[in-house]
Q: 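Can you read through this structure? Questions will come right after.
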Amino acid sequence: MQLKSLKDGLFFHVKSIKSGIQPTIFSSNQLIHLYAKNGFLHEADKLFDEMPYRNVFTWNTIIAAHVKNHNLTRVEVLFNSSPRKDLVTYNSMLSGYVNIDGYEVNALRLFVEMQYSRPVIGIDEFTITTMLNLVAKLAVPSLGMQLHSYMVKSGSVSSGFSVSSLIDMYSKCGFFQETCQLFGEGHGELDLASKNAMVAACCREGEVELGLNVFWLEPELNDTVSWNTMISGFERNGFFKDSLKLFVYMVEKRVRINEHTFSSVLSACSGMRSVKLGKEVHARVLKEGFNTNPYITSGIVDVYCKCGYMEYAELANAVFGSENTFSVTSLILGYSYTGNMAKARWLFDSLAEKNSVVWTALFSGYMKSRQCEEVFMLLKELVVKETYVLDALILISVLGACAIRSSLDPGKEIHSYILRTGIEMDKKLMSSIIDMYSKCGNITYAERIFKEVMKRDKVLYNVMIAGYAHHGHEDEAINAFNEMLGRDVRPDAATFVALMSACRHVGSVELGEKFLHSMTIDHDLTPETDHYACMVDLYGRANQLEKAVLLMRNIPIEPDPVIWGAFLNACKINGNMGLAREAEDNLLRIEGDTGARYIQLANVYAAEGNWNEMRRVMEKMKRKNVKKLAGCSWVYTENGVSVFTSGDTSHARSESIYSTLACLTTEIDHIALE
DNA sequence: TCACCCAAGA
């Protein structure tokens, strides 16, 4: 008897219990399969345990059920106690090892055992496709190619399963040419899974248009997977609107939507930072009952976090219940973005297990709010608590903190850690190291590392040009820029900030003007705040206040405090108090609650000996009740960091520090007199 | 009874 549906099965099961007639092994096997398929694993297990006789099919069915449920401990127990194992038993076990993270080595061992143990189990097409999956997951093309050769030799390369698995494997190993070739060879009749794998491969390669063309080949074939692949392909390449448009079209065409669809659509909403669309999708998810899928619930939380709606995000997370690390990570990032690091830290501490992504999230949060000490402390905590090799993105955060703090020694330690552990030096990491060395005052090291990189990208050039600028090496900055153009690396707005800042350091007004002009005319870039502020500063330092005034009048964007601050400084250098007053009005209008601005203004008047004006500004500041954080210096010693503010006597050894300082000052005075 | 293609947080 054939039991087709769960209803059939239940009916049959009840009948057999009532009648007391033991079902045949064949029927019981079918029942186990039906129960497991419909999520009733407990019932499947119970039936399996109660069976007086079992055959190899019985064992294979229950093993497969637990493989699908990712219960590997149970799978291994069953596999080892199974009295007779055939190729199917081995293939199921192999599939368990391949599809559950952390058992990849077991899969390789089992694969070898299947071929060489006595008696030989052998391998078949199922084994090969499962192994191709493993190759794709681990990205080890050499093994993939061996499997491919074996398939060619054994003549099993023509089935849809084989081709789609091969396409997927080559694509995930980064061999796009081979992927295209395989797809092209099988063009006589289009196999849906192979076509879907090809669409995915194109999107993975960033060839979205090509992917779309494949998607529209014989569109009547397309199933939910095809649509999902294309929707996610758009999303992952940043074409969020196209992703959502295709989703709408999918709904109109009445193609069945599943949990994968919603997951990608939610990512697109996050990418667009559209809370409106996010809410719409959220409503649809609730309506269609997908609100227990962890991919989807974390996706919803993420949309609200990315859009800055932290209250909604918290609420959604609470409603969805059951701890979801992805949701919590999104929340940590959301709070980091809004500068609420206390809340971010609280959430971080609430996680029982912390993976490298969540550590990275906290690191980047502290970096974003420039809490460098917290970055260093977190690093200490991480090294104590976790044993794994530090993630490149974490190191980038720490290097950033070193750069801000001008802490060369910790920076060097990180650099040697990278060399020691053999972490792959990608361009981002390389740029961070170069930036760290240059900001910590060691331009020679920065340059040496830069010159070792053959394939230099935009960020790498920008960092190096900024480094040269920072150290007053105008010619080197311009040479690097010319080399960049010669290598067809397109400059961006940051390149010109670096170049103009090089001009600022050496006072080359003409060159600065040339760059400002050239970025618009030759490179189709729009000057932003930093460019104008840089130019105003350049004019100021070159005693060309009239040009600064002219530029201020013609800046096409609303000048922000950075530009006004630069202009104020220009007024100070050129001793023009009338214009300084104008800058003051504008500055305090925008930044009336920033203590540092009042002090800057007071200093402008003080430099001119205009004590009345200075007093007026200080009184204004007092009335507004704003404070300025004291500027400080710091020194790294073996015992940690010591911070000093002006007139500070809080340090335990402050007496000896001050007497050393007095000696040094006397010596400097002597040198100056000589 | 086992195998292919689509989903999340830096």
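FYI, side chains are in, hydrogens and waters are out, and symmetry mates aren't considered; it's all heavy atoms of this structure. So that the names make sense, note that chain A is the first sequence line, chain B the second, and so on, each numbered from 1.
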Q: What are the bounds, 5' to 3', of the part of DNA chain B that sits under 4.0 Å from heavy atoms of chain A?
A: B:dT1 to B:dA10
Q: Which part of the nucleic acid, if any, lies within contact of A:Ser226, taking any heavy atom under 4.0 Å across all strands shown: a base, the sugar-phosphate backbone alone, or nothing?
A: nothing
Q: May I ask you to list the residues of residues 291-300 of chain A, by number, that have any heavy atom positioned under 4.0 Å from an atom of DNA chain B?
A: A:Asn293, A:Pro294, A:Tyr295, A:Ser298
Q: Would you jot down, in residue-number order, the residues of residues 31-53 of chain A having a non-hydrogen atom under 4.0 Å from DNA chain B?
A: none
Q: Go through the structure and list residues passing side-chain contact (heavy atoms from CB on, under 4.5 Å) with A:Val135, not counting sequence neighbours.
A: A:Val140, A:Leu143, A:Leu147, A:Met169, A:Cys173
Q: Can you name the side-chain contact (heavy atoms from CB on, under 4.5 Å) partners of A:Phe239, sequence neighbours left out?
A: A:Val208, A:Phe234, A:Asn237, A:Asp242
Q: Let me check something: any side-chain donor-acceptor pairs from residues 54-72 of chain A under 3.5 Å, sequence neighbours excluded? List them with distances.
A:
residue, atom, partner, partner atom, Å
A:Arg54, NE, A:Phe48, O, 3.1
A:Arg54, NH2, A:Phe48, O, 3.0
A:Asn55, OD1, A:Asn29, ND2, 3.2
A:Asn55, OD1, A:Phe57, N, 3.1
A:Asn55, OD1, A:Thr58, N, 3.0
A:Asn55, OD1, A:Thr58, OG1, 2.8
A:Thr58, OG1, A:Asn29, OD1, 2.9
A:Thr58, OG1, A:Asn55, N, 2.9
A:Thr58, OG1, A:Asn55, O, 3.1
A:Asn60, OD1, A:Thr89, OG1, 2.7
A:Asn60, ND2, A:Val56, O, 3.4
A:Asn60, ND2, A:Asp86, OD1, 3.2
A:Thr61, OG1, A:Phe57, O, 2.6
A:His66, NE2, A:Asp45, OD1, 3.0
A:His66, NE2, A:Asp45, OD2, 3.3
A:Asn71, OD1, A:Arg74, N, 3.4

Q: Not counting sequence neighbours, which residues clear side-chain contact (heavy atoms from CB on, under 4.5 Å) with A:Lys137? List them please.
A: A:Asp101, A:Glu104
Q: Tell me what A:Lys306 touches on the nucleic acid: a base, only sugar-phosphate, or nothing, going by heavy atoms under 4.0 Å.
A: sugar-phosphate
Q: Under 4.0 Å, heavy atoms only, any strand: does A:Arg54 hit a base, just the sugar-phosphate, or nothing?
A: nothing
Q: Mind checking if A:Ala64 touches a base, just sugar-phosphate, or nothing, with heavy atoms under 4.0 Å?
A: sugar-phosphate
Q: Which part of the nucleic acid does A:Asp391 contact within heavy-atom distance under 4.0 Å: base, sugar-phosphate only, or nothing?
A: base
Q: If you take all heavy atoms of A:Leu382 and A:Phe363, which pair is closest and at what distance?
A: CD2-CE1, 3.8 Å
Q: Describe the nucleic acid contact of A:Asn133 in one word from base, sugar-phosphate, nothing, applying a heavy-atom distance below 4.0 Å.
A: sugar-phosphate
Q: Name every residue in residues 277-287 of chain A that has at least one heavy atom under 4.0 Å from any atom of DNA chain B, in order of residue number, or write none if there are no such residues.
A: none
Q: Holding to side-chain hydrogen bond (donor to acceptor under 3.5 Å, both in side chains), I want the full list of residues that pass it with A:Gln371, two or more places apart in sequence or in another chain.
A: A:Ser369
Q: Would you please name every residue forming a side-chain hydrogen bond (donor to acceptor under 3.5 Å, both in side chains) with A:Thr24, sequence neighbours left out?
A: A:Ser27
Q: Write out all pairs satisfying side-chain hydrogen bond (donor to acceptor under 3.5 Å, both in side chains) with one or both partners inside residues 165-174 of chain A, taking only residues at least two apart or from two chains.
A: A:His148-A:Tyr170, A:Asp168-A:Lys172, A:Ser171-A:Arg204
Q: Looking at residues at least two apart in the chain, or sitting in another chain, which of them share a salt bridge (Lys or Arg N to Asp or Glu O under 4.0 Å) with A:Arg109?
A: none
Q: Does A:Lys368 qualify as a cation-pi partner of A:Tyr337, given the criterion of NZ or CZ under 6.0 Å from the six-membered ring centre and within 45 degrees of its axis?
A: no
